[in-house]
Amino acid sequence: MSNIPDLAASTDAVIEDAVSHADPMVLRGVLYQLTGDDDLANMAMARSKREDLTISDVESVADVDLLRAKAITYLRSRRDQGATDADLGPQERLLKSLSMTAGYELPEVERDLWIEQAAFDPMQRGVHWSSGIAPEARKDFLVAVVGSGLSGLAAAVQLKHAGIPFIVFEKNAEVGGTWYENRYPGARVDTASRGYSHQFGINYPFPLAFCARDEQLKYFKWIADEFGLREHTRFNTEVKAMTWDDAAQMWGIRAEGPDGAHDVRVNAVISCVGFLSRPQLPTIAGMESFEGTACHSAQWPEGLSVDGKRVAVIGSGASGYQTLPVIAKTAEQTYLFQRTANWCFDDAEYLQPTPNQLLWLEKNIPFYLNFERLRLNALRHPDSVMSGCRADPHYVDDHARSAANKLVRDNRVEYINKQLASRPELIDKMIPPTPPLSSRPIRVDPNDNVYGALLRDNVALVSDPIERITPTGVRAGGKDYPVDILLYATGFKANDFLWPMEVRGRDGARIEDLWAKDGPRAYLGAMLPGFPNLFMSYGPHSNNFGGFHVIDLLELAVQFAVRSVAGLIEQNKKSVEVTADGYWKFAEELDREERHMLYIDKRAQNYYQNEFGRSAVNGPIDIRRMWRWMRDPAQVRDGPRVADAGISPYFGADLAVA
Ligand SMILES: Cc1cc2nc3c(=O)[nH]c(=O)nc-3n(C[C@H](O)[C@H](O)[C@H](O)COP(=O)(O)OP(=O)(O)OC[C@H]3O[C@@H](n4cnc5c(N)ncnc54)[C@H](O)[C@@H]3O)c2cc1C
């Protein structure tokens with residue numbers, strides 16, 4: 001960021017060049033908010049349909065030019081007046097300005113939600129103590145955070161901000177979770193990095209649109225340093241067991257670190273252990289006999305090079321497809337062992353660096369980052385994304401589950417046909433048997449992707465079932481494939497929430513028993529009956545569909561946990577717990593919504609479905625409802641009241657407080 005000049009030091013040419021890179025919709029909303037210029041509001045817009053959402057866009061080149069000219073005038077004048085701190089402008093204008101960036105009218109009833117999403121106050125998801133709470137009241141309430149990935153960092157920041165004492169236990173040597181562990185070649189986020197950052201990290205200058213692993217990990221390290229979290233963290237220390245002591249109303253934590261056992265008693269626990277952090281290895285005969293290097297994608301040995309090596313990639317999910325093109329570039333030979341093909345979606349920005357001009361806009365146009373963030377969220381509006389992920393019960397087709405789903409499929413099949421035109425024998429093997437969007441969509445670069453890799457002379461697709469691993473490679477379809485490196489890109493134990501920790505609640509209650517009926521569930525993805533003061537972030541039902549990015553839901557879960565703890569402190573209470581009734585009411589709501597979701601398609605083979613044919617990981621409830629409930633757990637049914645951010649109404653009918 002240091003090489004990006006301040007506005008005060010920028011020439012007209014620098015300003016003009018930067019503005020030419022601005023997203024017109026972002027520019028339109030932010031300029032309107034800053035200036036109130038009605039020309040911006042009155043522009044003619046082109047309208048298009050995305051599922052159930054009609055979205056408008058700046059229509060003509062002339063309008064884009066007008067927008068840019070106005071931005072340049074504004075910026076020059078701001079520079080010439082000394083570029084002092086800018087005021088956000090009238091609050092009453094905000095919903096209209098944000099709507100102008102979204103491309104559709106954001107309803108008044110959702111005003112707080114969308115303003116919150118734009119993160120004007122990056123610490124708004126923290127605790128806002130009511131007056132009269134002395135700092136001493138907080139100091140006796142100790143919270144344990146388990147894990148320091150994206151969720152654990154969020155919990156630590158919010159607890160620190162609230163002045164509540166906490167300890168973070170982290171089994172790894174560094175923060176970052178997923179992004180610390182996954183260092184396989186080509187590992188990269190498939191959510192735009194600017195949408196995959198915390199609200200309090202909004203100012204971080206991401207150097208790529210979709211950061212590769214190293215760059216995304218730098219962001220997490222930056223959070224740990226910027227907010228002073230390392231001194232609260234016990235690294236290389238794994239929590240093995242947690243036991244609730246009802247008499248003391250406390251959790252006893254047993255952890256193991258390099259210095260031996262840690263036995264700690266805390267008032268509450270925020271579990272941030274993720275569900276994509278425990279590798280799932282396949283069971284294939286002969287695995288132990290392999291004499292080369294074998295690893296899971298999340299355990300890629302530091303420094304392992306594929307240069308000139310023969311590599312087997314086993315698995316064709318997101319990690320397998322992501323790594324193949326990168327490995328193929330320097331390996332002597334690569335084999336992709338694929339049981340089921342997956343749907344890929346090309347995105348021109350996927351491998352692109354952030355242009356300096358965009359970094360300049362983010363640095364120098366006041367609140368540009370906020371409107372940019374809002375735009376990223378708004379483009380994922382539930383009326384468009386969720387509708388696209390729902391099946392139409394009346395639609396009949398062998399391959400798709402709704403008319404919209406069919407369009408997506410046709411479009412993707414055409415893309416695969418084009419990509420593999422020179423090798424038609426690969427096309428059928430690369431067209432997935434499942435409807436698109438019934439499993440995790442894989443984002444790819446339009447040109448540098450799994451299909452392009454399969455066209456290389458040194459890459460072969462093997463779709464015969466694997467018979468066994470031999471000391472020298474893989475045997476499939478009666479043929480031996482000799483390799484030096486075996487990469488198991490076979491996913492995670494996604495359905496084993498909290499595993500392998502031993503968690504015992506009130507009267508020795510076992511989570512395994514609670515979940516025996518049909519797999520893991522959690523009230524709002526965060527709480528379990530019989531397990532007081534235990535909160536989860538990235539718990540069951542945390543993969544949401546549209547409206548928010550996953551990180552937004554995780555920040556909400558953390559907000560729910562930290563505000564609940566603050567509620568206990570404020571009310572001088574010891575414990576809070578969801579009632580069994582509340583837990584099952586929420587479960588019913590989940591089941592009701594899930595019936596329509598594409599991911600329940602019987603053909604889908606992915607971690608979305610558990611052995612009971614439902615999903616423990618996905619959240620089918622519209623994120624706007626989840627937002628209301630998680631902000632105000634007192635209101636578990638979809639009531640008319642949008643709660644304010646006050647602290648008092650936390651404990652309602654579904655939550656028992658003692
Ligand atoms: C390869 C890959 C790519 C992904 N890409 C995206 C993406 O682009 N967009 C997106 O939204 N999501 C993506 N995800 C999902 C991703 O897991 C979440 O977005 C997010 O990282 C979850 O953060 P978390 O902190 O909740 O969990 P994690 O990142 O999994 O962190 C959990 C932390 O808890 C620690 N821990 C676990 N158990 C214990 C214990 N018993 N004691 C102490 N510490 C413990 C772990 O060491 C780890 O540091 C991806 C996942 C994977 C695996």
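Atoms within each ligand, like the ligands themselves, are counted from 1 in listed order. Residue indices begin at 1 and follow the sequence shown.
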To check your reading of the model: name the closest protein heavy atom to [atom], its residue, and the distance in Å.
atom                    : result
atom 52 (C) of ligand 1 : Thr178 CG2, 3.4 Å
atom 41 (N) of ligand 1 : Val239 O, 3.0 Å
atom 33 (C) of ligand 1 : Cys272 O, 3.6 Å
atom 27 (O) of ligand 1 : Gly274 CA, 3.4 Å
atom 26 (O) of ligand 1 : Ser151 OG, 2.7 Å
atom 37 (C) of ligand 1 : Val273 CB, 3.6 Å
atom 13 (C) of ligand 1 : Tyr196 OH, 3.7 Å

Residues [X] and [Y]: side-chain donor-acceptor under 3.5 angstrom:
X      : Y      : result
Tyr180 : Glu170 : no
Asp259 : His262 : yes
Trp300 : Glu181 : no
Asn618 : Gln609 : no
Tyr219 : Ser197 : no

Relative to [atom], which among [options] owns the nearest non-hydrogen atom?
atom                    : options                : value
atom 39 (C) of ligand 1 : Arg234, Arg278, Met242 : Arg278
atom 6 (C) of ligand 1  : Arg188, Arg440, Gln216 : Arg440
atom 53 (C) of ligand 1 : Phe492, Phe275, Phe169 : Phe492

Given that the side chain starts at C-beta and the backbone is N, CA, C, O, which of these parts of Val175 lies under 4.0 Å from ligand 1, counting heavy atoms, or is it both or neither?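 Neither; no heavy atom under 4.0 Å.
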
Please determine which of Val168, Asn172, Leu229 meets the side chain to side chain contact (heavy atoms under 4.5 Å, CB included) test together with Ser148.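 Result: among Val168, Asn172, Leu229, Val168 is the only option passing the side chain to side chain contact (heavy atoms under 4.5 Å, CB included) with Ser148.
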
Pairs of donor and acceptor atoms involving the side chains of residues 270-283, under 3.5 Å and at least two apart or interchain, shall be tabulated with distances.
| residue | atom | partner | partner atom | Å |
| --- | --- | --- | --- | --- |
| Ser277 | OG | Val273 | O | 2.9 |
| Arg278 | NH1 | Glu238 | OE2 | 3.4 |
| Arg278 | NH2 | Glu238 | OE2 | 3.2 |

